[in-house]
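Note on naming: letters A, B, ... go to the chains in the order of the sequence lines (proteins, then strands), and numbering restarts at 1 for each one. Keep in mind that what you see is a predicted model, and the values were worked out from it rather than measured.
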Amino acid sequence: MTHRLNKDYFRSRDALFLAEDLLGNFLVRRYENGKISKFRIVETEAYLGTDDLASHASKGRTKRTEIMFEEGGVIYAYLIYGMHWLLNIVTGPKNHPEAVLIRGVENCIGPGRVGKLIGLDRTFYGENLETSSRIWIEKGDITGKIISSPRIGVDYAGEIWKNKLWRFESK
DNA sequence: CAGAAGATCGGG
DNA sequence: CCGATCTTCTGC
């Protein structure tokens, strides 16, 4: 028996809460050939609102970031360094730009690796996690303890934001 | 319109 | 430590 997390789950809490709460849940991918794979989420980061200078949403509403302003429960996928697709889950209510970056799943650490693992590309931008037939999140149990630390690769965001302990790992 | 930098990764 | 590789944003 499995339990697919619905839109209410993603829109009713902020990215900071959900980044930690998503640990232990399963990222589920149904590939074109029908094969279904489930990956336990073990590392995440929260990007919160327009003030957070590490968040793309701090640039304002653009064609790239507009999905972050939508109601939680959809995917924000984007290409970084010309070769890595990163998976983000939009959270919170509409017009409240937040997202959780999936940095690692069991046996596969690194946001670019996760994107490659599940075959992420631009067509996943805006995908609805409640209704999609190819990607969704299922309830799982947390194992071990959770540690938090500064987010990776955001030194450009300034002292306030780069030092936020908004990266979460289940050990 | 040109140039720089990026929520990264793998190889040497 | 450096190159890959391309989108996005900034400045002139």
Heavy-atom closest pair (A/Tyr9 atom, A/Asn25 atom, distance to 0.1 Å) is OH-ND2, 3.9 Å
Each base of DNA chain B marked ( ) or [ ] if paired in-strand (Watson-Crick or G-U under 3.5 Å), | if paired to another strand and . if unpaired gives ||||||.||||.
A/Glu66, A/Glu71, A/Glu70 screened by salt bridge (Lys or Arg N to Asp or Glu O under 4.0 Å) with A/Lys94, the one that passes: A/Glu70
Under the salt bridge (Lys or Arg N to Asp or Glu O under 4.0 Å) test against A/Glu138, which residue among A/Arg4, A/Arg40, A/Lys38 passes? A/Lys38
Quote, to the nearest angstrom, the C1' distance that separates B/dA5 from C/dC2.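 Pairwise C1' distance, B/dA5 against C/dC2, rounds to 16 Å.
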What integer number of Å spans the P atoms of C/dT5 and B/dA2?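 Those two atoms are separated by 22 Å.
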For a quick test of your reading: what N or O donor-acceptor pairs under 3.5 Å do the side chains of residues 102-119 of chain A make, sequence neighbours left out?
{"unit_1": "A/Arg103", "atom_1": "NE", "unit_2": "A/Glu43", "atom_2": "OE2", "d": "2.9"}
{"unit_1": "A/Arg113", "atom_1": "NH1", "unit_2": "A/Ile109", "atom_2": "O", "d": "3.1"}

Enter the distance from A/Phe26:CZ to A/His3:NE2 here, rounded to the nearest 0.5 Å.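 Spacing of CZ (A/Phe26) from NE2 (A/His3) equals 13.5 Å.
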Report the distance from atom CZ of A/Arg134 to atom CZ of A/Arg29, rounding to the nearest 0.5 Å. 6.5 Å
Under 3.5 Å, is there a donor on one side chain and an acceptor on the other for A/Ser55 and A/Ser58? no
Is atom NE2 of A/His56 surrounded by more than 12 heavy atoms (other residues, nucleotides or ligands) closer than 6.0 Å? yes
Could you run down nucleotides 1-12 of chain B 5' to 3' and tag each one B, S or - for protein heavy-atom contact under 4.0 Å? -----BBBSS--
